[in-house]
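Input: a single structure, listed below in structure tokens.
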Amino acid sequence: MDRRLPELPEVEVTRRQLRAALCGRRIRAVHTAGAGQFFVTRPRTLRQKLPDRTVLRLRRHGKYLIGELDDGSRLVLHLGMTGQLFTADPGVRYRGRGELQVAPEQRPRPLDVHTHLCIEFRDGGPEVRFRDVRKFGRVLLLDAGQTDARLDKLGVDALSARGKQLFAASRKRRTAVKTLLLNQSVLAGIGNIYADEALHQCGIRPTRAAGRLSRADCEQLVEIIRAVMRDSIRLGGTTVSDFINPEGRDGSFQRCLQVYAREGEPCWTCGAEIRRIVLGQRSTHFCPHCQRR
DNA sequence: ATCTGTCCCTGGACGC
DNA sequence: TGCGTCCAGGGACAGA
């Protein structure tokens, strides 16, 4: 299975690849499969409201993709852990037992079990599909002017963050710096891989109390976070798997990972054994020699 | 206000 | 071979 572990760089790569396939095309119909927490907005509502709309712009904030529609509403997508957005020819069928809820004259339109959303366009061109094996992803449609807590509470996007913002947010925080980096209301977009990688490059131990970081620490850390993410975007993100996705190219940043998923292996900088601990219920990897600060 | 633990969900790895 | 168990992860939520 293709696991892209979507953090900011992977979502940004997805945004860039999807932009042309989504923007400026009038929606004909929306097909949904299944229900549950994946659909924050009820599937029926999506099927009713999206037809005849056009996505004008595709933005990103942290790990959220936000499609701005021509009536002022917003289609908000989160890839969760295993979410994949891709295009596919309308005629392409998938194996599996997923049953789509579609107009009677179009039945059946089988997709694979894990494809929950399919957007069809009036021009008859490729559809945009949202597949998510573990259903940690989210789909919601916000009416014009409607706000949503999960977007409102996001901090500044990590790609444009400044050190002073992390410094301000970290004051009087006793939580580990790694845990603070994963907090999306501080800096938006950092996930487990890039938090570990950035802390390693910065020489900061993940368990360090956030409140004990100096202003200079924060400035250096944010600079490194931005650099790591820029590099990853350039390389197409991180793909953890040997599976080749038929719809798209895999990223190659996984070859640059210094500590993530390298427990017991030697640090490439000093040769010490990479250690793995658990912080905030998340696995955390670091070099005990290089990361002493 | 902040922090911790639990839950959601599935496929892959692993042990017997 | 096949079954059971554990684990990974982002984020919402409840409770401390």
Side-chain angles (χ1 to χ4, degrees), chain A residues 1-12 14 33-41 60-66 76-85 94-98 111-117 130-140 147-155 157-158 166 168-197 206-213 229 237-243 245 251 254 257 259-264 276-285:
Chain A
M1 181 189 57
D2 177 314
R3 294 207 303 147
R4 225 166 184 161
L5 299 179
E7 303 185 23
L8 187 154
E10 291 72 33
V11 178
E12 177 62 17
T14 299
Q37 57 176 12
F38 180 84
F39 291 103
V40 177
T41 300
R60 181 192 56 75
H61 187 172
K63 303 173 196 171
Y64 283 91
L65 284 173
I66 303 159
V76 181
L77 307 171
H78 193 293
L79 297 177
M81 267 194 67
T82 51
Q84 299 169 283
L85 281 164
Y94 284 74
R95 288 173 299 162
R97 38 199 170 80
L111 293 182
D112 85 303
V113 230
H114 301 303
T115 299
H116 312 300
L117 179 71
F130 191 170
R131 180 175 194 271
D132 184 9
V133 171
R134 293 191 192 167
K135 296 180 191 162
F136 279 14
R138 295 290 183 270
V139 175
L140 55 149
T147 60
D148 184 79
R150 52 197 102 209
L151 293 183
D152 292 344
K153 72 183 178 193
L154 288 178
D157 189 78
L166 178 61
S170 62
R171 294 308 86 191
K172 295 179 181 170
R173 291 286 191 95
R174 275 176 291 185
T175 194
V177 57
K178 156 79 183 272
T179 305
L180 191 74
L181 290 183
L182 293 181
N183 185 338
Q184 302 298 299
S185 64
V186 177
L187 301 182
I190 304 171
N192 212 30
I193 295 176
Y194 296 98
D196 283 3
E197 293 300 315
T207 50
R208 172 103 177 260
R212 293 187 56 243
L213 293 172
M229 295 204 162
T238 301
T239 305
V240 181
S241 170
D242 51 358
F243 181 81
N245 182 340
Q254 60 275 12
L257 299 180
V259 288
Y260 183 80
R262 295 197 62 238
E263 180 188 15
R276 176 185 175 276
I277 58 173
V278 175
L279 273 182
Q281 290 78 241
R282 296 293 175 254
S283 67
T284 299
H285 314 76

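As the structure is a prediction and not an experimental result, all values here were calculated from the model.
When heavy atoms are screened at a 4.0 angstrom cut-off, Lys172(A) is found touching no nucleic acid atom at all. Nucleic acid contact for Tyr64(A): sugar-phosphate only, since backbone atoms but no base atoms lie under 4.0 Å from a heavy atom of the residue. Among the atoms of the strands shown, only primed sugar atoms or phosphate atoms (P, OP1, OP2) are found under 4.0 Å from some heavy atom of Ser283(A). As judged by a 4.0 angstrom heavy-atom cut-off over every strand, Gly280(A) is placed among residues making no nucleic acid contact. Nucleic acid contact class of Arg138(A) (heavy atoms, under 4.0 Å, all strands): none.
The nucleotide whose nearest atom lies closest to any side-chain atom of His78(A) is, among dG10(C), dG9(C), dC3(B), dG10(C). Checking dA8(C), dC9(B), dC3(B) against the side-chain heavy atoms of Gln37(A) singles out dC9(B) as nearest. Minimum atom distance to the side chain of His114(A) is reached by dT10(B), of the listed dG11(C), dT10(B), dC3(B). Comparing dT10(B), dT4(B), dG9(C) by their nearest atom to the side chain of Thr175(A) picks out dT4(B). Side-chain atoms of Arg276(A) lie closest to dA8(C) of the nucleotides dG11(C), dC3(B), dA8(C).
When the side-chain nitrogen and oxygen atoms of Lys153(A) are compared with OP1 and OP2 of dA12(C), one or more of them lie within a distance under 4.0 Å.
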Anything under 3.5 Å between a donor and an acceptor, one on a side chain of residues 179-188 of chain A, the other on a protein residue two or more places apart or in another chain? List them.
{"unit_1": "Asn183(A)", "atom_1": "OD1", "unit_2": "Ser185(A)", "atom_2": "N", "d": "2.9"}
{"unit_1": "Asn183(A)", "atom_1": "OD1", "unit_2": "Ser185(A)", "atom_2": "OG", "d": "2.6"}
{"unit_1": "Gln184(A)", "atom_1": "OE1", "unit_2": "Gly189(A)", "atom_2": "N", "d": "2.8"}
{"unit_1": "Gln184(A)", "atom_1": "NE2", "unit_2": "Leu182(A)", "atom_2": "O", "d": "3.0"}
{"unit_1": "Gln184(A)", "atom_1": "NE2", "unit_2": "Ile190(A)", "atom_2": "O", "d": "2.9"}

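Atom CG of Asp132(A) is separated from atom P of dG11(C) by 13 Å (rounded to the nearest Å). Atom CG of Leu180(A) is separated from atom P of dG11(C) by 14 Å (rounded to the nearest Å). Here dG15(C) presents its C1' atom at 14 Å from CD of Gln281(A), a figure rounded to the nearest Å. In this entry the distance linking CG of Asp148(A) with C1' of dG11(C) reads 13 Å, nearest Å. Rounded to whole Å, atom P of dT4(B) lies 9 Å from atom CZ of Arg174(A).
No more than 12 heavy-atom neighbours from other residues, nucleotides or ligands sit within 6.0 angstrom of CZ on Arg174(A).
In the interface, the side chain of Arg150(A) is not paired with the base of dA12(C) through any donor and acceptor atom under 3.5 Å apart.
Aromatic stacking is not marked for Phe136(A) over dG11(C), as the cut-offs of 5.5 Å for the centres and 30° for the planes do not both hold.
Helix-axis bend for the helix from dT2(B)-dA16(C) to dC16(B)-dG2(C): the local axis fitted to the five terminal pairs at one end deviates from that at the other end by 50°, rounded to 10°.
Side chains of Thr284(A) and Asp196(A) form a contact here, defined as non-hydrogen atoms less than 4.5 Å apart.
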